Protein chains: 2
Amino acid sequence: MLKEDRHNIILEETSTNGSSSFQLLCKKLAVSEDTIRRDIRELDSRGLLKAVRGGAVSVSRIPHHYREREHTDIEQKKVIAKKALTLIKNKQVLFFDGGTSVLELAKILPADLNVTIITNSFPVANALEDHPLAEVIFLGGRLNKMSFATFGNETLKGISKFKVDIYFFGICSISTSSLSCKDLEDAELKLAMMQHSVKTVGLCTWDKVNSESTYFIRETKELDILITEKDKSASPSKPFTKLGIEIL
Amino acid sequence: MLKEDRHNIILEETSTNGSSSFQLLCKKLAVSEDTIRRDIRELDSRGLLKAVRGGAVSVSRIPHHYREREHTDIEQKKVIAKKALTLIKNKQVLFFDGGTSVLELAKILPADLNVTIITNSFPVANALEDHPLAEVIFLGGRLNKMSFATFGNETLKGISKFKVDIYFFGICSISTSSLSCKDLEDAELKLAMMQHSVKTVGLCTWDKVNSESTYFIRETKELDILITEKDKSASPSKPFTKLGIEIL
DNA sequence: CAATATTTTGCAAAATATCGCAAAATATAG
DNA sequence: CTATATTTTGCGATATTTTGCAAAATATTG
């Protein structure tokens with residue numbers, strides 16, 4: 001096996017898992033730990049990953065405060081993302097907003113899926129960086145440094161240029177009457193994305209169901225599909241079914 | 001067997017597997033390892049694959065990531081960035097393109113500087129994340145996964161909405177007659193940024209001075225200031241001074 | 001601070017690369 | 001067709017690089 005091949009495998013392992021260990025890698029590649037150690041040091045010096053004690057972590061331009069938010073309820077979000085994935089077909093054009101469940105979906109997008117993703121979220125764009133087929137259109141605008149996404153009039157105008165197949169909506173708060181969130185500009189953005197997509201799919205962990213926040217986005221009944229981590233037969237989903245929303 | 005046939009087999013083997021080794025190839029083709037070695041060296045020089053220790057890897061597999069570029073000549077780039085910093089005043093609005101020297105400038109921007117930075121580069125936006133005062137406007141468009149920056153018509157239209165104070169131009173190639181670069185879309189973008197700024201400041205490591213690339217951007221004389229890591233009294237900067245360009 | 005795990009360092013063996021050269025193959029000229 | 005030049009190929013000797021091991025140094029944990 002070529003050193004180059006080893007390097008590629010190490011990079012792939014590191015970027016897909018976020019990290020990799022000497023122990024695992026030296027077993028997988030059938031070389032000594034020292035060799036892996038030297039490989040990782042070399043890749044580090046080239047800036048392709050970061051060597052740490054015990055192995056390596058992937059370099060990411062995405063700030064840590066975002067990462068922290070990301071890690072809450074990660075398992076539920078993965079379940080939600082898997083369900084959402086079944087809705088995506090080849091050649092579709094999709095809106096992805098800055099929600100963390102949506103980000104999870106971006107991460108598990110299969111490599112053979114050929115889609116165009118329009119987003120205002122840096123983390124989403126970053127997750128799709130190594131995807132071979134996904135075309136990414138980034139929405140311009142003023143950068144919000146907290147959520148690491150763009151907002152404002154420019155972003156809204158950008159959205160209005162499209163009419164996409166599906167909008168994957170990261171839900172902040174949902175009640176039987178309204179969809180709402182904690183930030184005015186985020187509310188404006190989410191409304192615009194709903195208006196410029198054929199179908200809106202809400203991604204939502206259970207704890208956000210039946211809650212309301214300051215900024216109204218739109219009536220809940222405008223939602224087409226709602227995905228949570230629970231089974232669709234779970235009782236509190238009934239009121240939503242009555243509104244004509246499909247539960248997944 | 002013709003040499004051409006061997007070359008074709010080597011290329012096919014390399015591109016289908018992503019890599020190929022001398023050992024395998026010399027067995028498969030029933031020639032000595034030296035012959036394969038020479039073949040691969042020739043194919044490398046023609047840019048059809050990349051020779052590495054032990055064999056060859058396919059060129060498509062080697063993404064020219066900015067992450068890799070970022071680490072070369074880092075010290076020179078820091079010197080350049082420090083000089084560029086002296087040009088920036090409070091309340092100014094600036095264009096930053098995706099050059100690595102420009103990125104270095106974004107990294108060292110003092111915390112008390114209150115500026116608006118308009119960029120198409122994710123790394124630049126990311127570098128400014130922790131800056132308390134810098135407002136960041138991100139230019140939308142199609143995301144290029146290699147350079148991790150946006151390009152295309154949308155991006156150009158975004159640029160045309162502004163007339164900024166200074167454009168910090170990451171130079172790819174500069175001769176006394178022309179500014180040029182290796183990518184058509186990058187050339188378009190750089191031209192647009194020049195046209196929509198009052199002053200253009202070129203950031204350029206010495207090794208790029210007096211070189212030319214495929215895509216013409218604009219006449220060199222349109223540049224207002226040129227910054228390199230060398231002292232301005234360095235002799236080869238004279239021809240540029242003659243064009244009315246200030247050297248820093 | 002001791003016990004343990006991890007990393008660094010120097011080193012020798014193995015693998016790989018380079019160089020010069022001569023034999024073989026191919027091309028060119030008369 | 002023959003003689004000569006040119007290119008290609010394989011071989012052996014000699015660098016250079018890579019690899020795994022063991023001891024020493026360093027970091028981590030309780």
Side-chain angles (χ1 to χ4, degrees), chain A residues 1-60 64-65 67-68 71 74, chain B residues 1-65 67-75:
Chain A
M1 171 171 281
L2 264 48
K3 193 168 77 158
E4 297 293 321
D5 292 332
R6 238 176 26 229
H7 282 190
N8 281 329
I9 291 170
I10 291 171
L11 284 173
E12 190 170 322
E13 179 79 15
T14 308
S15 73
T16 55
N17 281 328
S19 67
S20 55
S21 70
F22 293 134
Q23 292 192 350
L24 265 169
L25 286 171
C26 75
K27 242 180 210 173
K28 192 164 183 167
L29 297 166
V31 287
S32 80
E33 214 171 294
D34 292 71
T35 301
I36 301 289
R37 214 181 288 283
R38 278 184 277 240
D39 284 343
I40 282 180
R41 214 180 314 185
E42 187 181 333
L43 292 168
D44 180 313
S45 77
R46 287 203 278 156
L48 298 171
L49 46 67
K50 188 169 152 51
V52 294
R53 193 182 178 83
V57 292
S58 80
V59 285
S60 168
H64 289 292
H65 60 72
R67 285 271 145 141
E68 276 160 36
H71 277 287
I74 193 88
Chain B
M1 171 172 282
L2 263 47
K3 194 167 77 157
E4 292 295 316
D5 294 332
R6 238 179 23 233
H7 283 191
N8 282 330
I9 291 170
I10 290 171
L11 283 173
E12 185 168 327
E13 178 78 15
T14 308
S15 70
T16 55
N17 279 327
S19 67
S20 55
S21 70
F22 294 135
Q23 290 193 351
L24 266 169
L25 287 170
C26 74
K27 241 180 211 172
K28 193 163 184 170
L29 298 166
V31 287
S32 81
E33 216 172 291
D34 289 72
T35 301
I36 301 289
R37 212 180 292 282
R38 277 184 277 242
D39 284 344
I40 281 180
R41 213 180 311 183
E42 189 181 331
L43 292 168
D44 180 311
S45 75
R46 287 202 274 154
L48 298 170
L49 45 67
K50 185 169 155 55
V52 296
R53 191 180 177 84
V57 293
S58 109
V59 282
S60 64
R61 274 262 207 129
I62 312 163
H64 210 253
H65 264 258
R67 281 183 284 197
E68 216 158 339
R69 276 193 301 144
E70 197 179 341
H71 281 266
T72 61
D73 304 325
I74 195 88
E75 287 312 314

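Quantities reported herein were computed from a predicted structural model and do not represent experimental measurements. Below, chain A is the first sequence line, B the second, and so on; all start at residue 1.
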Nucleotide by nucleotide, nucleotides 20-30 of chain D touches protein heavy atoms under 4.0 Å in the pattern (B base, S sugar-phosphate only, - none) BBB----SS--
Nearest-Å distance, [atom1] ([X]) to [atom2] ([N])?
X	N	atom1	atom2	result
Arg41(B)	dT16(C)	CZ	P	16 Å
Phe22(B)	dG10(D)	CZ	C1'	15 Å
Glu42(A)	dT18(D)	CD	P	7 Å
Leu2(B)	dT8(D)	CG	C1'	12 Å
Arg37(A)	dT8(C)	CZ	C1'	9 Å
Glu4(B)	dT26(C)	CD	P	14 Å
Leu25(B)	dT9(D)	CG	P	14 Å
Asp39(B)	dT7(D)	CG	P	16 Å

### Query
Got a sec: does the CD of Glu42(A) have more than 12 other heavy atoms crowding it under 6.0 Å?
yes
Nearest heavy-atom approach of Ser15(B) to Ser58(B) is CA-CB, 4.0 Å
Looking only at heavy atoms, the pair that brings Ala51(A) and Ile40(A) closest together is CB-CG2, 3.6 Å
Which pairs would a plain distance check flag for residues 22-35 of chain A, meaning a side-chain donor or acceptor within less than 3.5 Å of a matching protein atom at least two apart in sequence or in another chain?
unit_1   : atom_1 : unit_2   : atom_2 : d
Lys28(A) : NZ     : Glu13(A) : OE1    : 2.9
Ser32(A) : OG     : Asp34(A) : N      : 3.3
Ser32(A) : OG     : Thr35(A) : N      : 3.3
Ser32(A) : OG     : Thr35(A) : OG1    : 3.4
Glu33(A) : OE2    : Arg37(A) : NH2    : 2.9

Review point. Hey, does Gln23(B) reach any base, or is it just sugar-phosphate, or nothing, if we go heavy atoms under 4.0 Å?
Key: sugar-phosphate
dist His7(A):NE2 -> Arg46(A):CZ (nearest 0.5 Å) comes out at 6.5 Å
4.5 Å side-chain heavy-atom contact, Leu49(A) and Asp44(A) | yes
